[in-house]
Amino acid sequence: MPEAEDPVTPSNAFIDYAVQKHGVKRFVLLSGTTAKKGGPVVGKIWEHLDQIGIEYCVLRATWIMGKVNYS
């Protein structure tokens, strides 16, 4: 998604559209370690997913990055 001054409003509108018009039943929200439900930006999208009662998970990519041994 391109950068937007307010990414929350279009993101939540897209979620609503996908659910209502296309029957999407679950979402994966990509987040960082510091994001919390209800917090700024991603947190507001997370909160919206919770409020509409849709199935979702939050993937914190920083938690799955680990040391890789290429030898």
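Every heavy atom of this structure was used, including side-chain atoms; hydrogens, water molecules and symmetry mates were not. Sequential numbering from 1 along the given sequence is applied to the chain's residues.
- Across Trp46 and Ala35, no two heavy atoms sit closer than the pair CZ3-O, 3.6 Å.
- When all heavy atoms of Ile45 and Val8 are compared, the pair lying nearest together is CG1-CA, 4.3 Å.
- Lys44 places a side-chain N or O within donor-acceptor distance of the main-chain N or O of Gly38, the cut-off being under 3.5 Å.
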Next item on the list: Before giving the answer on side-chain contact (heavy atoms from CB on, under 4.5 Å), spell out for Lys37 and Asp50 the whole-Å C-alpha distance, their side-chain angles and the decisive distance to 0.1 Å.
Entry: CA-CA 9 Å; Lys37 184 171 33 171; Asp50 201 43; 3.0 Å; yes
Check: Hey, mind stepping through His48 and Asp16 against side-chain contact (heavy atoms from CB on, under 4.5 Å) and telling me if it holds?
Finding: CA-CA 9 Å; His48 181 69; Asp16 294 341; 2.7 Å; yes
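- Here the side chains of Cys57 and Leu29 are not in contact, with every heavy-atom distance at 4.5 Å or above.
- One finds the NZ atom of Lys36 at 9.5 Å from the OG atom of Ser31 (value rounded to the nearest 0.5 Å).
- Atoms CG and CG, from Leu49 and Asn12 in turn, are 7.0 Å apart once rounded to the nearest 0.5 Å.
- Between atom CD of residue Glu47 and atom CD1 of residue Ile52 there is a gap of 12.0 Å, rounded to the nearest 0.5 Å.
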Note to self: Please evaluate residues Tyr56 and Val28 with respect to the criterion side-chain contact (heavy atoms from CB on, under 4.5 Å), reporting the C-alpha separation (whole Å), side-chain torsions for both, the decisive distance (0.1 Å), and the verdict.
What the structure shows: CA-CA 6 Å; Tyr56 70 92; Val28 175; over 6 Å; no
Next item on the list: May I have the step-by-step check of side-chain contact (heavy atoms from CB on, under 4.5 Å) for Phe27 and Val19, ending in yes or no?
Entry: CA-CA 10 Å; Phe27 288 87; Val19 169; 3.7 Å; yes
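- A donor-acceptor pair under 3.5 Å links the side-chain atoms of Arg60 to the main chain of Gly32, judged by distance alone.
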